[in-house]
Novice: 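Can you read through this structure? Questions will come right after.
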Amino acid sequence: MSSLPPEESHLKVLRLLEADPALSQRDLSQALGISLGKINYCMRALLDKGLIKMQNFRNSENKLGYAYFLTPAGVMAKAEMTKEFLKIKMQEYEILKREIDQLRQEVENS
């Protein structure tokens with residue numbers, strides 16, 4: 001299982017739940033490749049911060065299930081996290097692009 005920084009984990013969980021509120025913690029764990037324990041910790045943090053709310057529902061097998069919905073604060077936080085994540089990824093991209101250009105020059109000059 002991979003290890004994502006908390007902010008990245010939170011953003012990815014918010015994005016997945018926005019698309020499908022009925023995802024279980026096990027589904028999230030598998031989709032993100034992180035442990036079920038880390039997903040549980042992340043979900044608790046998002047609930048404590050008021051970014052998601054949990055609603056009980058019963059599925060077809062009469063087992064208790066949950067749906068996780070983004071709150072208005074969660075929608076705003078997701079947008080802000082997305083903006084920050086994009087900024088970080090763009091910086092990483094520029095650094096990687098320069099490194100690739102340097103490597104190409106080394107190959108051409110050898």
Side-chain angles (χ1 to χ4, degrees):
M1 298 260 165
S2 70
S3 180
L4 300 174
E7 301 81 20
E8 189 172 344
S9 298
H10 291 182
L11 174 59
K12 289 184 176 197
V13 166
L14 289 172
R15 291 177 70 201
L16 286 170
L17 290 176
E18 186 174 49
D20 186 356
L23 288 173
S24 69
Q25 290 187 19
R26 189 169 308 283
D27 295 333
L28 292 167
S29 171
Q30 291 171 349
L32 298 177
I34 57 180
S35 73
L36 189 55
K38 183 164 182 178
I39 287 293
N40 184 272
Y41 181 81
C42 179
M43 297 294 284
R44 287 178 188 263
L46 294 171
L47 284 162
D48 289 347
K49 291 178 182 179
L51 303 183
I52 60 173
K53 63 182 176 182
M54 189 170 50
Q55 181 178 350
N56 293 338
F57 70 92
R58 295 199 180 269
N59 64 20
S60 59
E61 299 160 2
N62 287 330
K63 292 182 182 175
L64 190 60
Y66 298 97
Y68 300 95
F69 297 98
L70 274 64
T71 63
V75 172
M76 289 176 53
K78 180 186 151 286
E80 190 59 36
M81 282 188 242
T82 300
K83 188 167 69 171
E84 287 302 312
F85 187 69
L86 179 60
K87 187 165 97 174
I88 291 166
K89 290 299 178 185
M90 290 299 295
Q91 290 169 347
E92 290 173 358
Y93 169 75
E94 290 301 324
I95 291 167
L96 187 57
K97 197 164 88 170
R98 283 193 296 272
E99 188 176 340
I100 289 170
D101 288 343
Q102 288 174 346
L103 290 170
R104 280 188 178 141
Q105 285 180 350
E106 287 178 26
V107 168
E108 289 173 4
N109 293 336
S110 58

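Keep in mind that what you see is a predicted model, and the values were worked out from it rather than measured.
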Novice: List the atom of Leu17, the atom of Met43, and the distance in Å for their closest heavy-atom pair.
Specialist: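 So the two residues come closest at CD1-CE, 3.9 Å.
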
Novice: Testing the basics here: between Ser35 and Ser29, what is the closest heavy-atom pair and its distance to 0.1 Å?
Specialist: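 Nearest heavy atoms, Ser35 then Ser29: C-OG, 3.6 Å.
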
Novice: To the nearest 0.5 Å, how far apart are CZ in Phe85 and CD in Glu8?
Specialist: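 Those atoms lie 4.0 Å apart.
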
Novice: Show me the pairs that pass salt bridge (Lys or Arg N to Asp or Glu O under 4.0 Å) and involve residues 73-82, at least two apart or across chains.
Specialist: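 Qualifying pairs, neighbours excluded: Glu18-Lys78, Glu80-Lys83.
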
Novice: Nearest 0.5 Å, what's the SG-CG distance between Cys42 and Leu47?
Specialist: 9.5 Å

Novice: In a table with atom names and distances, give each donor-acceptor pair under 3.5 Å that connects a side chain of residues 88-108 to protein atoms at least two apart or in another chain.
Specialist:
from: Lys89; atom 1: NZ; to: Glu92; atom 2: OE1; distance (Å): 3.1

Novice: In Å and rounded to the nearest 0.5 Å, what is the CG to CG distance from Leu14 to Leu11?
Specialist: 6.5 Å

Novice: Among pairs that include at least one residue of residues 39-49, which meet side chain to side chain donor-acceptor pair (under 3.5 Å), considering only residues two or more places apart or in two chains?
Specialist: Gln25-Asn40, Asn40-Arg44

Novice: Do other residues, nucleotides or ligands put more than 12 heavy atoms under 6.0 Å from Met76 CE?
Specialist: no

Novice: Mind checking what makes side-chain contact (heavy atoms from CB on, under 4.5 Å) contact with Ala67, not counting sequence neighbours?
Specialist: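 Expected list: Pro21, Phe57, Phe69.
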
Novice: Quick one: closest heavy-atom pair of Ala31 and Leu16, and the distance?
Specialist: CB-CD1, 4.0 Å

Novice: Do you know which two heavy atoms are closest between Thr71 and Lys53, and how far apart they sit?
Specialist: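 It is CG2-N, 4.0 Å.
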
Novice: Asp27: what forms a side chain to side chain donor-acceptor pair (under 3.5 Å) with it, not counting sequence neighbours?
Specialist: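 Per chain and number, Asp27 pairs via side chain to side chain donor-acceptor pair (under 3.5 Å) with Ser24.
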
Novice: Taking all non-hydrogen atoms of both residues, which atom of Lys12 and which atom of Leu32 are closest, and how far apart?
Specialist: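 For Lys12 and Leu32, the tightest heavy-atom pair comes out as CB-CD2, 3.6 Å.
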
Novice: If you measure from CG on Leu70 to CZ on Arg15, what distance do you get to the nearest 0.5 Å?
Specialist: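 Leu70 CG to Arg15 CZ: 12.0 Å, rounded to 0.5 Å.
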
Novice: Please report the closest heavy-atom contact between Ala73 and Gly50, naming both atoms and the distance.
Specialist: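 Nearest pair, atom of Ala73 first, then Gly50: CB-O, 4.0 Å.
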
Novice: Nearest 0.5 Å, what's the CG-OH distance between Leu28 and Tyr68?
Specialist: 8.0 Å

Novice: Check side chain to side chain donor-acceptor pair (under 3.5 Å) between Thr82 and all other residues, then give those that pass, not counting sequence neighbours.
Specialist: none

Novice: How many angstroms lie between CG in Leu46 and NE2 in His10, if you round to the nearest 0.5 Å?
Specialist: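 Leu46 atom CG to His10 atom NE2 measures 5.0 Å (nearest 0.5 Å).
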
